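One structure is given below, encoded as structure tokens.
Keep in mind that the numbers below use all heavy atoms, side chains included, and drop hydrogens, waters and symmetry copies. Chain naming here is simple, since letters A, B, ... match the order of the sequence lines and numbering starts at 1 in each. Just so we're clear, the structure is a prediction, and the values are computed from it rather than from any experiment.
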2 protein chains.
Amino acid sequence: MKYRSIGEAAAALDIPDSTIRYYEKMGLLPLLERDKAGRRIFSDDQMALLGTVMCLKNTHMPISDIKQYVDWIVEGESTLERRLEMMNRHKQAVLDEIALMTESLKGIDYKIERYARQLGKK
Amino acid sequence: MKYRSIGEAAAALDIPDSTIRYYEKMGLLPLLERDKAGRRIFSDDQMALLGTVMCLKNTHMPISDIKQYVDWIVEGESTLERRLEMMNRHKQAVLDEIALMTESLKGIDYKIERYARQLGKK
DNA sequence: TGTTGACTTAAACCATAGTTCAAGTCGTAT
DNA sequence: ATACGACTTGAACTATGGTTTAAGTCAACA
């Protein structure tokens, strides 16, 4: 199994190393292994977890909620139902936010049209 | 012309009064009038501007950029081109962010499916 | 006339999400 | 052997976007 350094993991996900250290400190990356020198090493499983964390972060889930989710993963099968419910609720929140952005974009498009018209007919 | 109090303006846009005061202090609401008692009064024009500010805020434009935009509005017609360019750039940023969220949502949907399957077949 | 309720101010406070710093360790390539 | 780059730590620092507080003013209604 291939292990990655923090630099490789960060490059793979296009985020700064410092963010990964911060996430670990916040408890989003439990069970992260170290080599003999004390350096973080990322297994495929940890890369997958980090990918999930990034999905949640990219959709604006607060760190505290991501931590709850990760804690449930560590806790095991007994939390499957809670995890499913959390993901369903989050999905709806994301859809709502996308809808708000899309709606607000209409106001922006309206400005663009008006400015373009004013500049064009001058 | 109907004027609104800060409470009415806030209720119309479903935001706290304190946010409107904060936006005014940040310079997002220049030319906002006051009544004899010193209270803010919102004309239809100011309501429209506030609506635009909310569109920009809802699409995650930083306060400092919104201020630049409002400053250009106050400056007048000579800034039309810059405003158009700013709105076009912002529109692209919003589309990019929606795309990222939509993509990240796929990872979440995948989790939902897996959890649902695991819970269903048990 | 007096008590509400909505408003005013400036300044302090808060949460969130990182980033930066200083000082030090490790392993490999020359 | 040593220099280099990538890594380590904890703590301090930053930026952003508000919210809260304290003390006070004002207009209208009972």
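Counted within 6.0 Å of CD on B:E75, heavy atoms from surrounding residues, nucleotides or ligands total more than 12; the atom is thus considered enclosed. No more than 12 heavy atoms of other residues, nucleotides or ligands sit less than 6.0 Å from atom CD of B:E77. For B:D35, the CG atom counts as densely surrounded, since its 6.0 Å shell holds more than 12 non-hydrogen atoms of other residues, nucleotides or ligands.
At whole-Å resolution of the value, CD1 in B:I20 and C1' in C:dT8 are 15 Å apart. Atom P of nucleotide C:dA6 and atom CD1 of B:I6 are separated by 13 Å, given to the nearest angstrom. Rounded to whole Å, the distance from CD on A:E24 to P on C:dG18 is 15 Å. In this entry the distance linking CD1 of B:I41 with C1' of C:dC7 reads 13 Å, nearest Å.
For the 3.5 Å distance criterion, the side chains of B:D96 and B:Q92 qualify, holding a donor opposite an acceptor. Judged by distance alone, the side chains of B:E97 and A:H60 do bring a donor and an acceptor atom under 3.5 Å apart.
A nucleotide of DNA chain D counts as in contact with chain B when one of its atoms lies under 4.0 Å from a heavy atom; the first and last such, 5' to 3', are D:dG17 to D:dA27.
A salt bridge does not link B:E113 to A:K91: none of the charged nitrogens lies less than 4.0 Å from a carboxylate oxygen. Of the charged side-chain nitrogens involved, at least one lies within less than 4.0 Å of a carboxylate oxygen, so that A:E24 and A:R34 count as a salt-bridged pair.
Within residues 49-60 of chain B, no residue has any heavy atom under 4.0 Å from DNA chain D.
Looking at which nucleotide of DNA chain C each of B:E8 and A:M61 is closest to, the 5′-most match is held by B:E8.
Taking hydrophobic clusters as Ile, Leu, Val, Met, Phe, Trp and Tyr residues chained together by side-chain heavy-atom distances below 4.5 Å, B:L100 does not share a cluster with A:V53.
Under the 3.5 Å distance criterion, the side-chain polar atoms of A:T102 are matched with a main-chain donor or acceptor of A:I98. In this structure a side-chain-to-backbone donor-acceptor pair under 3.5 Å is missing from A:T79 to A:R82.
Between A:S64 and C:dT16, a side-chain N or O to OP1/OP2 separation shorter than 4.0 Å is absent.
Note: B:I15 CD1 to B:M54 CE = 4.5 Å, rounded to the nearest 0.5 Å.
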Atom pairs under 3.5 Å, N or O on each side, protein against nucleotides 19-28 of chain C: can you list them with distances?
from   : atom 1 : to    : atom 2 : distance (Å)
C:dT19 : OP2    : A:S18 : OG     : 3.1
C:dT19 : OP2    : A:T19 : OG1    : 2.6

